[in-house]
Amino acid sequence: MKTNGERLQGSSSRIIKSDVSTDLSPALRISMAPVLESIKALTLQIREYNRKIIELGKTSYPEVSLLTQVHGVGPLVALTYILTLEDPHRFAKSRDAGCYIGLQPARRNSGSCQPQLHITKEGDPYLRSLLVESAHHILGPFGADSDLRRWGLTVAARGAALGKKRAIVGVARKLAVVLHHLWVTGEVYRPIHQTTLAAVSVA
C-alpha cells in the first residue's frame with residue numbers, strides 16, 4: 001500500500017478489519033482484494049487452530065494450566081513444552097531442563113581459562129524458538145513485572161545489542177527451569193517470589 005502512496009485503516013497483524021480497504025483508490029482496492037481475502041481466510045484458520053490447541057490442553061493435558069500461569073507463556077508454548085519433555089521426572093533438577101533444550105552456554109577448558117561460548121542448541125529447535133519468543137514478550141513493553149523480567153532487564157542494560165541478546169537467551173533458559181519446577185511441584189506461580197524473599201530476609 002505504501003509503495004502506491006496509500007495506507008490501510010488502523011489494523012494489526014492479528015486483526016484485519018473487514019472494511020480495511022474502503023479508503024483505498026478503486027484500482028488498488030481491486031488489485032489488493034485477493035490478498036486481503038487470503039489474509040482473512042488465514043486469520044480464521046489460525047483462530048480455529050488456536051481454539052483446538054486450547055481445547056486439547058483443557059481435555060488431555062491439564063498440566064498446561066500450571067505452565068500458563070507465567071505471563072508470556074500461552075497454550076502453544078506450554079503444550080509444546082509438555083509434549084517435548086514428556087516426563088518431568090526425567091531430570092533430577094529443574095535447571096537440567098534448560099540444558100536439555102539447548103539454552104545452556106557451552107564451555108571450553110583451555111588451561112586456566114574457561115571461556116563461555118554460545119548456547120549448545122541441543123534438543124528440540126521448535127521448543128527453543130518458542131521459549132525465546134516468550135522471553136521477547138517478557139522483556140518487551142507488554143511484559144508483566146516479575147523476577148524474570150527484572151533479571152533480564154538488568155542483564156540487557158549491561159551492553160547494548162549484545163546485552164539484550166544475552167538477556168533474551170538467559171530469560172528463555174530461566175523460563176524453561178521455572179516451567180519445569182511448576183510442572184513437578186504444581187505450585188502457584190509467584191512472579192516476584194525471589195524479590196519478596198529478599199525483602200523478608202532483610203526485614
Side-chain angles (χ1 to χ4, degrees), residues 1-86 97 100-103 119 121-146 148-149 152 161 164-165 167-169 171-176 178-180 182-183 189 191:
M1 302 301 179
K2 290 181 180 179
T3 57
N4 288 276
E6 300 187 41
R7 297 179 68 90
L8 290 173
Q9 292 182 11
S11 298
S12 69
S13 58
R14 293 181 178 273
I15 301 174
I16 301 295
K17 298 178 180 178
S18 58
D19 58 347
V20 72
S21 63
T22 54
D23 291 341
L24 298 178
S25 62
L28 189 57
R29 191 186 311 155
I30 293 173
S31 62
M32 293 304 298
V35 176
L36 293 174
E37 287 301 321
S38 297
I39 292 174
K40 291 177 184 177
L42 287 172
T43 300
L44 292 175
Q45 290 181 25
I46 291 171
R47 288 176 181 172
E48 178 61 18
Y49 281 123
N50 285 338
R51 187 194 64 78
K52 290 181 178 180
I53 290 171
I54 293 172
E55 185 65 24
L56 181 62
K58 290 180 178 179
T59 57
S60 303
Y61 300 93
E63 307 94 326
V64 167
S65 62
L66 293 173
L67 276 56
T68 52
Q69 294 180 94
V70 183
H71 185 80
V73 175
L76 177 61
V77 178
L79 192 58
T80 303
Y81 187 92
I82 291 169
L83 292 176
T84 302
L85 270 61
E86 295 181 334
Y100 176 78
I101 300 169
L103 291 167
I119 59 173
K121 293 187 178 181
E122 298 292 336
D124 188 84
Y126 181 57
L127 174 57
R128 189 165 56 251
S129 67
L130 288 179
L131 290 175
V132 168
E133 282 187 27
S134 293
H136 273 284
H137 180 85
I138 290 171
L139 294 177
F142 302 106
D145 187 24
S146 65
L148 277 175
R149 178 177 172 82
K164 185 176 181 180
K165 289 181 180 179
I168 290 171
V169 173
V171 169
R173 180 173 61 253
K174 284 181 174 289
L175 181 59
V178 169
L179 294 180
H180 182 268
L182 292 175
W183 189 4
Y189 175 63

> Any side-chain heavy atom of T84 within less than 4.5 Å of one from Y126?
Replying inline: no
> Which atoms form the tightest heavy-atom contact between S146 and R149, and what is the distance?
Replying inline: OG-N, 3.1 Å
> Say you draw a straight line from CG of L127 to OH of Y100; how long is it, rounded to the nearest 0.5 Å?
Replying inline: 9.0 Å
> Which atoms form the tightest heavy-atom contact between G72 and S134, and what is the distance?
Replying inline: O-OG, 3.0 Å
> Closest approach of L131 and A176, non-hydrogen atoms and distance?
Replying inline: CD1-CB, 3.9 Å
> If we only count heavy atoms from C-beta on, is the L28 to S31 side-chain gap below 4.5 Å?
Replying inline: yes
>> How long is the straight-line distance from CG of L79 back to CD of E63, given to the nearest 0.5 Å?
In response: 9.5 Å
> OG1 of T80 to CD1 of I53: how many Å apart, nearest 0.5 Å?
Replying inline: 7.5 Å
> Taking atom NZ of K174 and atom CD1 of I138, what is their separation to the nearest 0.5 Å?
Replying inline: 12.0 Å
> Does R51 pair with E48 as a salt bridge, N-O distance under 4.0 Å?
Replying inline: yes
> So how far is it from N50 CG to L76 CG, rounded to the nearest 0.5 Å?
Replying inline: 7.5 Å
> With side chains defined as the heavy atoms from C-beta onward, is the minimum distance between Y81 and L130 less than 4.5 Å?
Replying inline: no
> Are W183 and L85 side-chain neighbours, meaning at least one heavy-atom pair lies under 4.5 Å?
Replying inline: yes
> What closest approach, in Å, do H137 and F142 show between heavy atoms, and which atom pair accounts for it?
Replying inline: NE2-O, 3.9 Å
> So how far is it from S129 OG to I101 CD1, rounded to the nearest 0.5 Å?
Replying inline: 11.0 Å
> Taking it one step at a time, do N4 and L24 satisfy side-chain contact (heavy atoms from CB on, under 4.5 Å)?
Replying inline: CA-CA 10 Å; N4 288 276; L24 298 178; over 6 Å; no
> Looking only at heavy atoms, what is the nearest atom pair of V171 and G152, with distance?
Replying inline: CG2-CA, 3.7 Å
>> Can you give me the closest heavy-atom contact between H136 and I168, atom names plus distance?
In response: CE1-CD1, 3.0 Å
>> Looking at Y189 and T68, would you say the former's side chain and the latter's main chain have a donor-acceptor pair under 3.5 Å?
In response: no
>> Any non-hydrogen side-chain atom of K40 less than 4.5 Å from a side-chain atom of T43?
In response: no
